[in-house]
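Scope of the values below: all heavy atoms of this structure, side chains included, with no hydrogens, waters or symmetry mates.
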Amino acid sequence: MRSFHTCLTLLLAISLLLTGCAPGTSGVPSQTTADTTAGVADRDTETLAPVQTGEPEDGAAVFSAALLQRAAEPGKNTVISPLSAYLALAMAARGAGGNTLAQMEQVLGADVEKLCAFAAEETARLAAGGAELSLANSVWVDEGFSVSADYADDLETLFSAESFSCRLSSGETMQAINRWCEEHTKGLIPKLLEQPLTGASALALINALYLKADWQTPFEARKTADKPFTKDNGETVSVPTMSAKTGLCYYVLPDGGKGVVLPYADCDLAFVAILPPQGMTGADYAASMAPDAFYQCVTEGESQKLELELPKFTAQTTLIMNQALIDMGMSDAFSQGGADFSAMCGQKDDELFLGTALQKVKLTVDEKGTEAAAASAVVMFRAAAIADQATPLHFDRSFVYGVIDTQNGMPLFSGVEAAPEK
């Protein structure tokens with residue numbers, strides 16, 4: 001299975017791809033953060049060796065690239081966590097069967113046993129790295145739903161998931177989930193949920209990921225200065241930009257993109273930034289880049305003296321992943337009546353489907369290094385509860401109306417009611 005540091009390379013590099021660089025620019029993305037720190041002076045004679053990593057897992061790379069392609073919007077900053085989404089979905093896959101499981105394995109790029117082995121291995125070894133890095137999983141079970149004992153055991157054994165029993169649709173549970181996410185992301189994701197979960201929710205599978213890593217060679221704060229950055233629409237803005245002249249791992253990709261690898265101290269993690277070819281925006285490049293583009297920079301790049309300019313920035317994104325995952329081939333999981341998550345259910349007559357796949361991410365890059373966090377939630381709905389639920393339709397704002405000839409659709413009267421009178 002793909003090594004963890006390779007997955008994190010994807011997480012840490014993603015935000016740089018999405019603002020993009022218009023023709024003639026020399027930086028990567030914009031955005032802010034005002035933190036300053038003393039660094040190391042220019043190291044004209046120093047050369048850093050390329051970062052060493054293990055062999056990548058093709059399936060995880062394809063999943064990560066596909067999710068990025070669907071999350072990126074032209075002209076907008078976006079940051080996602082493929083790893084956090086991957087692990088939350090792996091927990092759901094453990095409870096899937098039939099064609100639902102086959103589709104999930106296809107999208108995630110591995111069979112469920114390998115997914116679970118990967119999750120167990122990474123959850124167990126995260127504390128061993130030099131970076132401040134943590135990963136946590138939890139399952140929140142509605143008090144009216146019975147979870148299969150085998151599935152509950154797997155979540156605890158393979159994913160080290162904490163288990164909570166609660167009324168999922170209550171405001172108290174929403175607050176408890178938000179507190180859990182805030183705690184496990186060191187405050188970077190204080191509110192995963194903006195409103196309580198629907199009454200159809202049976203269980204919520206949540207992953208939280210936090211990273212704080214210092215550069216192997218920090219940037220000098222005194223050299224950070226406002227420099228021009230060209231947005232996708234051609235507008236030029238002035239943004240705080242870090243600079244260094246030093247030996248770094250540099251790679252020109254076959255598609256013309258130019259990549260740089262910035263290692264973090266005392267760990268196997270690295271930040272990869274890719275400048276698209278002239279004439280391409282970051283979002284356009286993300287949509288067409290090879291799944292292993294980040295890995296190519298890490299493994300095939302060569303040390304070269306660079307005059308590097310990199311904006312300081314903070315990126316944050318809220319992403320509903322439902323449509324992206326359906327487009328990637330996971331349609332059965334979201335199908336009421338068509339999904340097979342029977343392995344999750346403690347009672348044979350229960351039917352579940354994937355109702356919501358949500359992620360929030362925040363990432364900051366400055367002279368010291370990178371701080372980032374993600375929280376992903378996969379919420380399972382009860383099909384019967386959806387069928388019993390009434391759809392609200394409240395005409396409590398302006399509306400359009402008509403008196404229609406039902407034989408031919410001709411309106412006899414039509415209008416807009418915007419201000420009813422008593």
Side-chain angles (χ1 to χ4, degrees), residues 1-20 29 56-74 76-93 96 100 103-110 114-115 118-119 122 135 137 189 192 205-209 211 272 274 276 281-296 315-334 354-363 372-379:
M1 198 63 199
R2 180 188 184 86
S3 64
F4 176 74
H5 48 264
T6 306
C7 289
L8 248 298
T9 299
L10 290 171
L11 163 66
L12 299 174
I14 277 166
S15 58
L16 288 177
L17 291 171
L18 305 191
T19 42
E57 172 63 40
D58 290 342
V62 171
F63 170 83
S64 301
L67 188 61
L68 172 59
Q69 289 167 1
R70 288 158 177 79
E73 296 184 59
K76 292 185 178 181
N77 298 329
T78 307
V79 58
I80 64 172
S81 173
L83 178 61
S84 180
Y86 199 80
L87 295 181
L89 289 165
M91 287 194 284
T100 301
Q103 288 183 356
M104 296 186 78
E105 290 177 334
Q106 180 68 31
V107 171
L108 296 174
K114 289 181 180 179
L115 292 173
F118 170 72
E122 298 310 325
L135 183 151
N137 297 311
I189 311 291
L192 176 62
L205 304 165
I206 300 178
N207 169 270
L209 173 66
L211 167 72
V272 180
I274 299 177
T281 67
D284 287 342
Y285 188 77
S288 63
M289 64 185 282
D292 64 346
F294 295 127
Y295 190 72
Q296 286 183 48
Q316 50 189 333
T317 295
T318 298
L319 178 65
I320 303 295
M321 298 181 285
N322 292 31
Q323 192 59 52
L325 294 171
I326 290 171
D327 292 345
M328 290 161 67
M330 204 182 287
S331 57
D332 277 16
F334 292 88
L354 207 166
T356 299
L358 166 71
Q359 182 176 97
K360 286 192 176 183
V361 184
K362 184 174 182 179
L363 179 146
S376 301
V378 171
V379 184

May I ask you to check whether over 12 heavy atoms, not counting those of Q106, lie within 6.0 Å of atom CD?
no
Nearest non-hydrogen partners of L354 and F334, listed with the distance
O-CD2, 3.1 Å
Residue list, side-chain contact (heavy atoms from CB on, under 4.5 Å) with A373, at least two apart or on another chain:
T185, L188, I189, Y210
Is there side-chain contact between Y86 and L115, with heavy atoms separated by less than 4.5 Å?
yes
Contacts of S84 that satisfy side chain to side chain donor-acceptor pair (under 3.5 Å) - sequence neighbours left out
N207, S376
Can you see which heavy atom on S81 is nearest to which on Q359, and at what distance?
N-OE1, 2.8 Å
CE on M91 to CD1 on I206, rounded to 0.5 Å:
8.0 Å
Roughly how far, to the nearest 0.5 Å, is the OG1 atom of T281 from the NZ atom of K76?
13.5 Å
Tell me every residue that passes side chain to side chain donor-acceptor pair (under 3.5 Å) with N322, counting only those two or more places apart in sequence or in another chain.
none
Could you point out which residue of T78, T318, V79 forms a side-chain contact (heavy atoms from CB on, under 4.5 Å) with V361?
V79
Mind checking what makes side chain to side chain donor-acceptor pair (under 3.5 Å) contact with Q323, not counting sequence neighbours?
D327
Correct closest heavy-atom pair for A286 and M289 would be O-CG, 3.6 Å
Output for pair (N137 CG, L209 CG), nearest 0.5 Å, gives 10.0 Å
Could you list all the salt bridge (charged side-chain N to carboxylate O under 4.0 Å, His left out) pairs where at least one residue sits in residues 354-363, not counting sequence neighbours?
E194-K360
As an exercise, state the distance from OG of S64 to CD1 of I80, rounded to the nearest 0.5 Å.
7.5 Å
Give the minimum heavy-atom separation between R70 and A324, together with the two atoms involved.
CD-O, 3.6 Å
Once side-chain contact (heavy atoms from CB on, under 4.5 Å) is applied, do any residues pair with V107, and if so which ones, sequence neighbours excluded?
F63, M328, M330
For Q296, enumerate each residue passing the side-chain contact (heavy atoms from CB on, under 4.5 Å) test, keeping only those at least two apart in sequence or located in another chain.
Y251, L253, P254, A290, D292, E300
Those residues at least two apart in sequence (or on a different chain) that pass side-chain contact (heavy atoms from CB on, under 4.5 Å) with S331 are Q103, I326
What distance do L363 atom CG and Q316 atom CD have between them, rounded to the nearest 0.5 Å?
10.5 Å
If you look at every heavy atom in L67 and P82, which pair is closest and at what distance?
CD2-CA, 4.5 Å
Does the side chain to side chain contact (heavy atoms under 4.5 Å, CB included) test come out yes or no for V379 and L358, once each step is laid out?
CA-CA 8 Å; V379 184; L358 166 71; over 6 Å; no
